A.B. asks: 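Below is a structure I'd like to ask you about.
The figures here come from the full heavy-atom set of this structure, side chains too, leaving out hydrogens, waters and symmetry mates. Note that the coordinates shown come from a computational prediction; the quantities given were computed from them, not determined experimentally. All residue numbers refer to positions in the sequence shown, counting from 1.
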Amino acid sequence: MAKTMQPQELIDSAVVDPTGNKLGKVGNVYLADATHQPEWITVKTGLFGTKESFVPLSGAHADQDGVHVRVDKEAVTDAPRIEADGHLSMEESTRLYQHYGLPMPRTSPDGRMDDRTRGRGDTGRGQAGMDKSAGKQGRDAEATMTRSEERLNVGTEQVETGHVRLRKYVVTEEQQVTVPVSHEEVRIEREPITKPGGERAEIAEDEQEVVLHAEKPVVDKETVAVERARLKTETVTEDQTISGKVRKEQFEVVDDEGKHRKS
């Protein structure tokens, strides 16, 4: 590793593979007995971080954006599923070393791997902040079980709901328009002759013709633009309630007498 990393510096740090993919966050730190330095970490993966995969710290280094390891995301995904219960058996350690192609460490005189673990928030033996349960160093056996449940993940997607067309059609209607018209009428104007002899007088029949004129309405049609229409869409947001059935696990303790205790 580029520098010595303390367990408390690793907990909940992001884990990044050589190509920059984020694998998850550090859940637990496993120390080597021989050096008391971090040897393995578990990475919380899955939708809600409920799964933990073991990742080797060989060649890893810590940076501002997290812990950079030398194994890729595919290797971590395919790693053997081992329960992160605070202890690695020899068989489990062997499977992990073989999976990642790492050399096996020396074994202690009692035949066990030189590994010890530090749980979440553990800062090492005798240091402040050590979890009480982790401080027992495995003296008390614990049975652990992970409870899982399903959750609804609701999102939205754009779908086509229908078509709308704008069209026009022709209708015929009756219109009445009042138009002022004029016409000529004949009127007789009489003017008395006060000085006889100025004109020749003769008794005879006579006739005068006058042409009369009148206006008639003339109907003509023209097409003019009177209105413009267009189709526009607007987004309206409304609340919809979505329901669905989900499954979840429950814990139950059964003793030798067959008594059930739920929690």
Side-chain angles (χ1 to χ4, degrees), residues 12-25 43-51 53 63-68 72-78 147-249:
D12 286 333
S13 298
V15 181
V16 185
D17 73 356
T19 60
N21 293 319
K22 289 189 176 180
L23 306 180
K25 291 186 176 181
V43 178
K44 294 181 284 187
T45 60
L47 184 59
F48 302 106
T50 56
K51 296 181 180 180
S53 301
D63 207 340
Q64 292 182 351
D65 58 346
V67 181
H68 291 255
D72 57 21
K73 184 176 183 180
E74 183 177 356
V76 175
T77 303
D78 297 336
R147 187 179 70 85
S148 304
E149 65 182 21
E150 296 176 336
R151 296 184 180 179
L152 289 179
N153 294 324
V154 181
T156 61
E157 64 173 342
Q158 197 81 10
V159 297
E160 186 177 284
T161 58
H163 299 269
V164 178
R165 299 179 182 87
L166 177 64
R167 65 184 185 91
K168 65 180 182 178
Y169 56 93
V170 178
V171 297
T172 302
E173 61 182 11
E174 189 77 21
Q175 283 190 353
Q176 293 183 351
V177 180
T178 301
V179 180
V181 295
S182 60
H183 65 278
E184 295 177 343
E185 295 181 352
V186 175
R187 183 177 63 186
I188 298 177
E189 294 183 354
R190 299 174 185 270
E191 180 181 353
I193 299 175
T194 57
K195 296 179 179 182
E199 294 184 8
R200 181 181 177 184
E202 182 180 355
I203 298 176
E205 294 182 357
D206 196 1
E207 182 177 299
Q208 295 289 334
E209 183 176 316
V210 177
V211 178
L212 301 177
H213 298 84
E215 293 179 339
K216 289 186 177 181
V218 177
V219 178
D220 189 16
K221 298 179 182 178
E222 64 174 336
T223 302
V224 295
V226 294
E227 190 177 15
R228 179 179 290 107
R230 63 172 60 91
L231 282 180
K232 295 180 65 177
T233 62
E234 62 179 7
T235 301
V236 179
T237 302
E238 60 182 11
D239 293 330
Q240 289 189 356
T241 302
I242 307 299
S243 63
K245 294 183 178 180
V246 296
R247 300 176 301 166
K248 63 180 181 179
E249 300 170 340

A.B. asks: Determine whether Glu238 and Val236 make a side-chain contact, defined as any pair of heavy atoms from C-beta on separated by less than 4.5 Å.
C.D. replies: no
A.B. asks: With respect to Pro217, which candidate in Val181, Val177, Thr178 satisfies the side-chain contact (heavy atoms from CB on, under 4.5 Å) definition?
C.D. replies: Val181
A.B. asks: Can you give each donor-acceptor pair under 3.5 Å made by side-chain atoms of residues 16-25, sequence neighbours left out, with the distance rounded to 0.1 Å?
C.D. replies:
from: Asp17; atom 1: OD1; to: Thr19; atom 2: N; distance (Å): 3.1
from: Asp17; atom 1: OD1; to: Thr19; atom 2: OG1; distance (Å): 3.0
from: Asp17; atom 1: OD1; to: Gly20; atom 2: N; distance (Å): 3.0
from: Asp17; atom 1: OD1; to: Asn21; atom 2: N; distance (Å): 2.7
from: Asp17; atom 1: OD2; to: Thr19; atom 2: OG1; distance (Å): 3.2
from: Asp17; atom 1: OD2; to: Asn21; atom 2: ND2; distance (Å): 3.4
from: Asp17; atom 1: OD2; to: Lys73; atom 2: N; distance (Å): 3.2
from: Thr19; atom 1: OG1; to: Asn21; atom 2: ND2; distance (Å): 3.0

A.B. asks: To the nearest 0.5 Å, how far apart are OG in Ser13 and CD in Gln64?
C.D. replies: 12.5 Å
A.B. asks: Determine all donor-acceptor pairs shorter than 3.5 Å in which one atom belongs to a side chain in residues 164-172; sequence neighbours excluded.
C.D. replies:
none

A.B. asks: Taking atom NE2 of His213 and atom OG of Ser182, what is their separation to the nearest 0.5 Å?
C.D. replies: 11.0 Å
A.B. asks: Could you pull out all residues at least two apart from Arg230 that satisfy salt bridge (charged side-chain N to carboxylate O under 4.0 Å, His left out)?
C.D. replies: none
A.B. asks: Assess the residue pair Glu184 and Val211 against the criterion (side chain to side chain contact (heavy atoms under 4.5 Å, CB included)); give the C-alpha distance rounded to whole Å, side-chain angles, the decisive distance to 0.1 Å, and a yes or no.
C.D. replies: CA-CA 9 Å; Glu184 295 177 343; Val211 178; over 6 Å; no
A.B. asks: How close do His183 and Ala214 get, heavy atom to heavy atom, and via which atoms?
C.D. replies: CB-CB, 3.2 Å
A.B. asks: Calculate, to the nearest 0.5 Å, the distance between atoms CD and CZ belonging to Glu149 and Arg151 respectively.
C.D. replies: 5.0 Å
A.B. asks: For a quick test of reading the model, state the closest non-hydrogen atom pair linking Glu150 to Lys245 and the distance between them.
C.D. replies: OE1-O, 4.5 Å
A.B. asks: Between Glu234 and Lys232, is there a side-chain N and carboxylate O pair less than 4.0 Å apart?
C.D. replies: no
